[in-house]
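See below for the structure under consideration.
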Amino acid sequence: MSLRAQLEARVNTWVMANYPQVGPGPWVRPCADARHGHFQTHFPMVAAKETGGNGREIANRLASECSPPPDWEKPEVAGGGFVNYRAMPRAVATALQELRRDPSLGVPKTTNPETIVVDFSSPNIAKSMHVGHIRSTLLGDTLARMLGRLGHRVIRINHLGDWGTQFGKLLLAYRAAGRPPIDPDHAIDQLEEFYKKGHQEAESDPAKMEKARAELAALQSGDPERIRDWKLFCQRSSDHFREIYRQLGVTFDLEKGESAYHEELPALVEELLHSKIASVSQGAVVVANPEISEEPFLIRKSDGAFLYGTTDLAALRSRIRDLKADRIIYVTDGRQQLHFRWLFNTAEKWGQHAELEHVWFGTILGPDRKPLKSRDGTPIKLSELLREAKERASVILREKRPDLSGNQLSEKAELLGIASLKYADQLPGRNLDYVFTWEKLLAFDGNTAPYILNAYVRTRSILRKACLTMTPNHPLMLEEPAEEELARQLLLYGDAVVLAASERKPHHLCGYLYAVAGMYHRFFEACPVLQAPSTALRDSRLTLVGLTGDILRDGLTLLGIRTLEEM
RNA sequence: GCGCUGUUAGCUCAAUUGGAUAGAGCAUCUGACUUCGGAUCAGAAGGCUAGAGGUUCGAGUCCUCUACGGCGCACCA
């Protein structure tokens, strides 16, 4: 149990015995300012407000009646009712040795495991992935990793856009060109060209627009030739996606596109009509709810076609019925908030029971502060972004490590480039918009992946020099402030992961790891390890160094970032 | 018009959800190396948290109003 949890348990016991009406907390948190202590509770002030007592008096009672765990200093009362606690180095050392024996490094298992579907990334067939896809892909991947780590059963789903109206225009131009073979190496570029051509023609010529609609209708009614073309498009797109995901190290349990639900849509709409959840309005089928918005939720167009909301309803049902999901987390752009409110509200009326969450993130903007869009504008392709990331990393590597051979260099450059990109994207709070710049996404100084990786590499280097391949397990002696501070920080790891996972905000974990790396660098300056004054202290510090490395690696892994042994 | 969401140091962002003297990075300035890997560390400087009220022991955080942005509001996804 972490230091905080030990103290929390005691404080909570006292609270439940004396102020059961105030609530269970948690009441203990780390002090924002180290001068006050290591941990604090402000419970007395809350209790005073709710019961009409005096905060200072309650704090005095709490401090005298509720003793902290063994090897802690006597609590101190401060302000209008703070109680401050300080663990003595021996208590820190004991807790850290416990952490050393815990394969999960202090990350607790949930007491309520759920089956959780995480729906993320969701690129469109016949289009290349661009910067607009990166946040969903990385955020979804990290959430899946963290929730899995906490003991949930996670199902990662890529809900591919493989059935939209864009296929009418694409088929139009592709067939007009005589259905040429698609070159696997430039498949996406070719397909985008066809789409662009079809789109332009259809927009400018009503007759062509009509033909595009007919193409779509033919595809959706199962015309064999069109189905064959469509399957080819999907195949080639899938190859493209797979390569991007390989580089990013992102995987899915299920790649199931919109087309998979096509056949059940007519019955679904009928069912909603029949149960009076939906109604006909202006020839279309809609779900109305003035509490959500004036305009209704459209599930069938007046021409009989279905919309993505219809497909989402079918997918949602399938995940609950077939995959037994207790919870579905959708990771998308914040502009879809209204859509998901409608979707969740409709699903609830329809009797689909699961916890439904829309985890949304801000838009990536262009230099003009307008969202990068795929139709107009010139979005940066993900493949290009990844290539640039590697390129920038290799420029820096060549300078720092002229000794490396070409192969070693490009391998490290790839890892470092991707790591920087992933970290930079996850560092800002997720509901902020941000303006895309190469400099920001591929920075190597300050609060970045290379900074944290550098700390990790230094831990590995010291272990190597001590002829160790893993963290040793020696008694800990925390003498210097720098090592004691680092030790206490390591004990907060579990809390950091729980916070990031439960808020669905990976940037909390970034902040934690950055603090660990900073404290380690300071420890590194202040405390010789291999040349420590005594063997016992050397052993203790080797253990601390090893644990620091273990936690940095573990945390980076949760963020989807690979580590390396030297850089 | 309605709804969602922002506004914190010159710039980019934090702040454990109402807790103590609001913290980092970048940029600027000053120091520390024949190093357990300097992709580092120590220090300086930088703030009326957009503005005005309110709630209370206590507000960047909550409520109201105002100003200025961004996004979304029926047959695209």
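Residue numbering restarts at 1 for every chain, and letters A, B, ... go by the order of the sequence lines.
Stacking annotation: A:Phe82 is stacked on the base of B:rA20 (ring centroids less than 5.5 angstrom apart, interplanar angle below 30 degrees). Between A:Phe524 and B:rC36, a base-stacking contact is recorded: ring centres under 5.5 Å apart, planes less than 30° from parallel. The stacking criteria are not both satisfied for A:His507 over the base of B:rA14, which would need a centre-to-centre distance under 5.5 angstrom and an angle between ring planes under 30 degrees.
Neither side chain, A:Gln282 nor A:Ser302, offers a donor N or O lying under 3.5 Å from an acceptor on the other. A donor and an acceptor atom, one from each side chain of A:Tyr330 and A:His159, are nowhere located under 3.5 Å apart. A side-chain donor from one of A:Tyr423 and A:Asn447 sits under 3.5 Å from a side-chain acceptor of the other.
Going from the P atom of B:rA74 to that of B:rU28 covers 49 Å, rounded to whole Å. Taking atom C1' in both B:rG19 and B:rU5, the straight-line distance is 27 Å, to the nearest Å. Rounded to whole Å, the separation between the C1' atoms of B:rA15 and B:rC76 comes to 40 Å. The separation of B:rG47 from B:rU8, taken at their C1' atoms, amounts to 8 Å, rounded to a whole angstrom.
Note on A:Lys440: every side-chain N or O is 4.0 Å or more away from OP1 and OP2 of B:rU12. OP1 or OP2 of B:rG37 lies within a sub-4.0 Å distance of a side-chain N or O belonging to A:Ser461. In terms of phosphate contacts, A:Tyr512 brings no side-chain nitrogen or oxygen within less than 4.0 Å of OP1 or OP2 of B:rA24. The shortest distance between the side-chain N/O atoms of A:His42 and the OP1/OP2 oxygens of B:rC57 is not below 4.0 Å. Considering only side-chain N and O atoms, A:Arg4 lies nowhere under 4.0 angstrom from the phosphate OP1 or OP2 of B:rU16.
Nucleic acid contact for A:Leu397: base, since at least one base atom lies under 4.0 Å from a heavy atom of the residue. No engagement by A:Gly362 is indicated, since no non-hydrogen atom pair under 4.0 Å with the nucleic acid exists. Using a 4.0 Å heavy-atom cutoff across all strands shown, A:Ile462 reaches at least one base atom of the nucleic acid. Base contact: A:Arg35 has a heavy atom under 4.0 Å from a base atom. A:Asp312 comes within 4.0 angstrom of no nucleic acid atom, judged by non-hydrogen atoms across all strands. At a threshold of 4.0 angstrom between heavy atoms, the contacts of A:Gln531 with the nucleic acid are absent. Here A:Cys527 lies in heavy-atom contact (under 4.0 Å) with a base. Within 4.0 Å of A:Glu439, counting heavy atoms only, lies no atom of the nucleic acid at all. Nucleic acid contact class of A:Thr448 (heavy atoms, under 4.0 Å, all strands): none. Nucleic acid contact class of A:Thr165 (heavy atoms, under 4.0 Å, all strands): sugar-phosphate only.
Taking only distance into account, the side chain of A:Ser281 meets the base of B:rA74 through a donor-acceptor pair shorter than 3.5 Å. In this model, no side-chain donor or acceptor of A:Asp445 finds a partner on the base of B:rA27 within 3.5 Å. Checked by distance alone, A:Lys465 brings no side-chain donor or acceptor within 3.5 Å of a matching partner on the base of B:rG37. For a distance-only test at 3.5 Å, the side chain of A:Gln337 fails to qualify as a donor-acceptor partner of the base of B:rU5.
The aromatic rings of A:His42 and A:Trp27 sit perpendicular to each other, their planes meeting at more than 60°, with 30° as the lower class boundary. Between A:Phe297 and A:Trp342, the ring planes lie parallel to each other; the angle is under 30°, not in the 30° to 60° tilted range.
Taking atom CG of A:Asp33 as the reference point, atom C1' of B:rA22 lies 11 Å away to the nearest angstrom. Computed from coordinates, the A:Asp333 CG to B:rC4 P distance equals 18 Å when rounded to whole Å. Protein atom CZ of A:Arg522 is 19 Å distant from nucleotide atom C1' of B:rC36, rounded to whole Å. Protein atom CG of A:Leu416 is 9 Å distant from nucleotide atom C1' of B:rA39, rounded to whole Å.
Remark: A:Glu439 CD is packed, more than 12 non-hydrogen atoms of other residues, nucleotides or ligands lying under 6.0 Å away.
Looking at A:Arg460 and A:Glu566, no side-chain N of the basic residue comes within less than 4.0 Å of a carboxylate O on the acidic one, giving no salt bridge.
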